[in-house]
Amino acid sequence: MNYWLIKSEPHVFSFDDLLAAPDQTSPWEGIRNYQARNFMRDSMKKGDTLLYYHSSTQVPGIAGIAEVASKAYPDPTQFNEQSPYFDPKASQHNVRWVLVDIKALRKLERYLPLAELKKQSTLADMRLLQKGNRLSIMPVTKPEYDFIVKLAKKPASS
DNA sequence: GCCAACGTTGGC
DNA sequence: GCCAACGTTGGC
């Protein structure tokens, strides 16, 4: 069982949107970064646990817990000229991008802002918090995951 | 295969 | 909107 953090811009697709989707499941479209793609293609397994992170928003942070609901398969938006994720260099015979389905499990007891995560010495080595990190999918260690779940159960400290 | 130019991400 | 950091592209 692996743990991952995935980033989404909430104005595009928030954790609440995922909760509201049929069966709380949705294809996770539009990943156009090779490192992130390779994680999905090579390392993600159905049933892996996901921390759902909101980026590019007023208060970035972790909103909820989801799981991988399928293995990787071709992202159909790469073939769709109408899609913002269209990739002219991709074709049915030359699949460039894959995706996995994700399923919302539950919201965290409270939203965990990035600023609060940064204050946790336990998380000092977390990939999310490293300078210049731009990956939209990144591995999370089990200790990091456990700590974050526990942190969400505590009231926010001022 | 180098690397400059350009594009994107994402916090602030 | 700014800008640092990083990724991608393409000429050579």
Would you say A:Y53 places a side-chain N or O within less than 4.0 Å of OP1 or OP2 belonging to B:dG11? yes
d([atom1], [X]; [atom2], [N]) in whole Å:
| X | N | atom1 | atom2 | answer |
| --- | --- | --- | --- | --- |
| A:R127 | B:dG10 | CZ | P | 13 Å |
| A:W97 | C:dT8 | CH2 | C1' | 10 Å |
| A:H54 | B:dC12 | NE2 | P | 17 Å |
| A:Q58 | B:dG10 | CD | C1' | 14 Å |
| A:D87 | B:dT8 | CG | P | 13 Å |
| A:R134 | B:dC12 | CZ | C1' | 16 Å |
| A:L128 | B:dG10 | CG | C1' | 11 Å |
| A:R96 | C:dT9 | CZ | P | 6 Å |

Identify whether the distance between the nearest side-chain nitrogen and carboxylate oxygen of A:K142 and A:D146 falls below 4.0 Å. yes
Identified side chain to side chain contact (heavy atoms under 4.5 Å, CB included) counterpart of A:M126 within the set A:I148, A:N133, A:T141: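 Answer after filtering A:I148, A:N133, A:T141: A:I148.
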Quick one: on DNA chain C, does A:K89 or A:K131 contact a more 5' nucleotide (nearest heavy atom)? A:K131
Would you say the base of B:dT8 and the side-chain of A:R32 have a donor-acceptor pair closer than 3.5 Å? no
Please find out if less than 6.0 Å separates the ring center of A:F13 from that of A:H11.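 So the answer is no for these two rings.
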Partner residues of A:R134 under the side-chain contact (heavy atoms from CB on, under 4.5 Å) criterion, sequence neighbours left out: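 Per chain and number, A:R134 pairs via side-chain contact (heavy atoms from CB on, under 4.5 Å) with no residue.
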Among B:dG11, C:dT8, C:dT9, which nucleotide has an atom closest to any side-chain atom of A:Y34?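 Output: C:dT8.
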What nucleic acid atoms does A:Q35 come within less than 4.0 Å of, heavy atoms only: base, sugar-phosphate, or nothing? sugar-phosphate
